[in-house]
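Below is one structure, written out as structure tokens; comments come after it.
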Number of protein chains: 2
Amino acid sequence: MDRRPLRPAAKAAAARRLIRAAGERLTAPRAAVLAVLLEARSALTHHEIEATLATTFPVDRVTVYRVLDWLVALGLAHRIPGEDRSWRFGASRAPAHGPHAHFTCTRCGTTVCLEDVAVPPAVKLPRGFRPQKVELTVQGLCAACR
Amino acid sequence: MDRRPLRPAAKAAAARRLIRAAGERLTAPRAAVLAVLLEARSALTHHEIEATLATTFPVDRVTVYRVLDWLVALGLAHRIPGEDRSWRFGASRAPAHGPHAHFTCTRCGTTVCLEDVAVPPAVKLPRGFRPQKVELTVQGLCAACR
DNA sequence: GAGCCCGGCGCAACCGGATTGCATCTGCGC
DNA sequence: GCGCAGATGCAATCCGGTTGCGCCGGGCTC
Ligand SMILES: [Mn+2]
Ligand SMILES: [Mn+2]
Ligand SMILES: [Zn+2]
Ligand SMILES: [Zn+2]
């Protein structure tokens, strides 16, 4: 999987700006984790985030978990359940990051957001069921794995 | 969650018939696990299956895992990834059990197959990506939990 | 700039679903 | 019935994620 950073310095600054704008306490681990998500070309597992940070700014794995939870609660990131019983995290770029589909490669596990795929807003449910959220995931092979 | 059996004896016979028809070795744990799935009104976790069997025909939990894998590989059951990092299993009733959506209650965890909800057959993917399977999951509250 | 304090951090222990290794048992073809 | 490939049971292990707790430091107050 390709997760080369896109303009690391700019993303680090953007991360700090986003945290400040949210009125939250700015700490080095928070900025570092969010910067990694902003730089990434795909949604990352906890392990991938930790590994990316290891070379530049090691952060305790529990802290990474807690920062990710916090980012999700804040709406700055979203959590994507995976086939492999681990979660992947992606930055929520737009302020009101709407529902969107995801693609997961069955071979390498890479997961990307499909921002422009419309998720069916409503499906027919059994009587009395109330929908809250719709999740649409496409599985297949990514361009690199074909 | 309601998982009262639907005609247990008939389902047990159906389970044995399905395994025989598949040309596979018929063992007591296999028949018992498949019967539980056929009787269930919703998709069950490994734990729920084990608990259901405990009263009538206790099966080692590792065996349950292995039987479930085997049923999925055989196409007699399908595996639904859940929000809670556990899997749920449902019998695949039709021989060519097509793609269908699922509903998961965010309160009690009950997961049911929505056999009649059309899953979008094709979504626009990035260049070079090849789709294999589409998964559509609706989260919300079930009738009992509202 | 120094001090305070609450919330964030690191560390170690823990949890639970799932997997693996291996010896024993058994369904079923002969 | 026999034999054996393959299924089962048991114990140990793995691994993603969580919890408890003492220390630390970001940011407000003056
Ligand atoms: Mn996404
Ligand atoms: Mn189903
Ligand atoms: Zn791939
Ligand atoms: Zn419910």
Side-chain angles (χ1 to χ4, degrees), chain A residues 12 15-36 43-54 56-74 76-89 104 109 111, chain B residues 15-36 43-54 56-74 76-77 79-89 104 109 111:
Chain A
R16 289 192 294 270
R17 200 178 330 118
L18 283 165
I19 294 170
R20 281 249 153 78
E24 294 284 325
R25 215 154 135 175
L26 175 61
T27 67
R30 287 179 170 185
V33 170
L34 180 52
V36 168
L44 304 181
T45 61
H46 169 273
H47 182 73
E48 290 168 338
I49 295 167
E50 201 189 347
T52 303
L53 289 172
T56 57
F57 185 80
V59 176
D60 183 79
R61 52 189 227 95
V62 176
T63 300
V64 174
Y65 279 118
R66 289 197 272 230
V67 168
L68 289 170
D69 286 347
W70 170 84
L71 285 170
V72 170
L74 216 63
L76 291 179
H78 60 286
R79 187 196 312 264
I80 308 154
E83 210 69 12
D84 56 356
R85 274 164 301 112
S86 67
W87 284 323
R88 288 165 195 274
F89 296 85
T104 299
T111 298
Chain B
R16 288 193 294 270
R17 200 178 330 120
L18 283 166
I19 294 170
R20 281 250 152 77
E24 294 284 325
R25 213 154 136 175
L26 176 61
T27 67
R30 287 178 172 185
V33 170
L34 180 51
V36 169
L44 304 181
T45 61
H46 168 273
H47 182 72
E48 290 167 339
I49 295 168
E50 201 190 346
T52 303
L53 290 172
T56 57
F57 185 80
V59 176
D60 184 79
R61 49 191 233 92
V62 176
T63 300
V64 174
Y65 279 119
R66 290 196 273 229
V67 168
L68 288 170
D69 286 348
W70 170 83
L71 285 171
V72 170
L74 216 62
L76 290 180
R79 187 196 313 263
I80 308 153
E83 211 70 12
D84 56 355
R85 274 165 300 112
S86 67
W87 283 324
R88 287 162 196 274
F89 296 86
T104 299
T111 298

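The chains referred to below are lettered A, B, ... by the order of the sequence lines, with proteins before strands, and numbering in each begins at 1.
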Within a strict 4.5 Å, meaning less than it, do heavy atoms of the B:Leu74 and B:Glu24 side chains meet?
yes
Could you pick out which residue, B:Thr45 or B:Leu26, lies toward the 5' side of DNA chain C when each is mapped onto its nearest nucleotide?
B:Thr45
Nearest whole angstrom, please: distance from the P of D:dT8 to the CG of B:Asp69.
12 Å
Tabulate protein N/O versus nucleotide N/O from nucleotides 9-11 of chain D, keeping only pairs under 3.5 Å, one per line.
from	atom 1	to	atom 2	distance (Å)
D:dG9	OP2	B:Asp60	N	3.4
D:dG9	OP2	B:Thr63	OG1	2.8
D:dG9	N7	B:Arg66	NH2	3.0
D:dG9	O6	B:Arg66	NH2	2.6

Minimum side-chain heavy-atom gap A:Leu68-A:Val72 below 4.5 Å
no
Taken to the nearest whole Å, CZ/B:Phe89 to C1'/C:dG17 is 11 Å
Of all the heavy-atom pairs spanning A:Ile80 and A:Ala43, show the shortest one and how long it is.
CD1-CB, 3.6 Å
Give the minimum heavy-atom separation between A:Pro29 and A:Thr63, together with the two atoms involved.
CB-CG2, 3.9 Å
Does A:Ile19 reach the side chain of A:Trp70, with side-chain heavy atoms less than 4.5 Å apart?
yes
Nearest to the side chain of A:Arg25, which nucleotide is it out of C:dC6, C:dT19, C:dA13?
C:dC6
Could you tell me the separation between the CD atom of A:Glu83 and the C1' atom of D:dG16, rounded to a whole number of Å?
16 Å
Are B:Tyr65 and C:dT19 close enough that a side-chain N or O sits under 4.0 Å from OP1 or OP2?
no
State whether the distance check finds a donor on one side and an acceptor on the other, under 3.5 Å, for side chain B:Arg85 versus base C:dG16.
no
Taking the side chain as every heavy atom from C-beta outward, state whether A:Leu26 and A:Arg30 have any atom pair closer than 4.5 Å.
no
Between B:Trp87 and B:Thr27, name the one whose nearest nucleotide on DNA chain C is closer to the 5' end.
B:Trp87
Could you state the atom-to-atom distance from CD of B:Glu48 to P of C:dA18 in whole Å?
11 Å
Show your working on side-chain contact (heavy atoms from CB on, under 4.5 Å) between B:Arg79 and B:Asp69 and close with a plain yes or no.
CA-CA 9 Å; B:Arg79 187 196 313 263; B:Asp69 286 348; 3.2 Å; yes
To the nearest angstrom, the CZ-P distance between A:Arg30 and C:dG7 comes to 11 Å
Can you work out whether B:Val67 or A:Arg61 has the more 5'-proximal nearest nucleotide on DNA chain D?
B:Val67
Whole-Å gap separating P (D:dG27) and CD (A:Glu24)
11 Å
Starting from C1' on D:dG6, measure out to CG on B:Leu74 and report it in whole angstrom.
15 Å
Rounded to the nearest angstrom, tell me the gap between atom CG in A:Asp84 and atom P in C:dA18.
13 Å
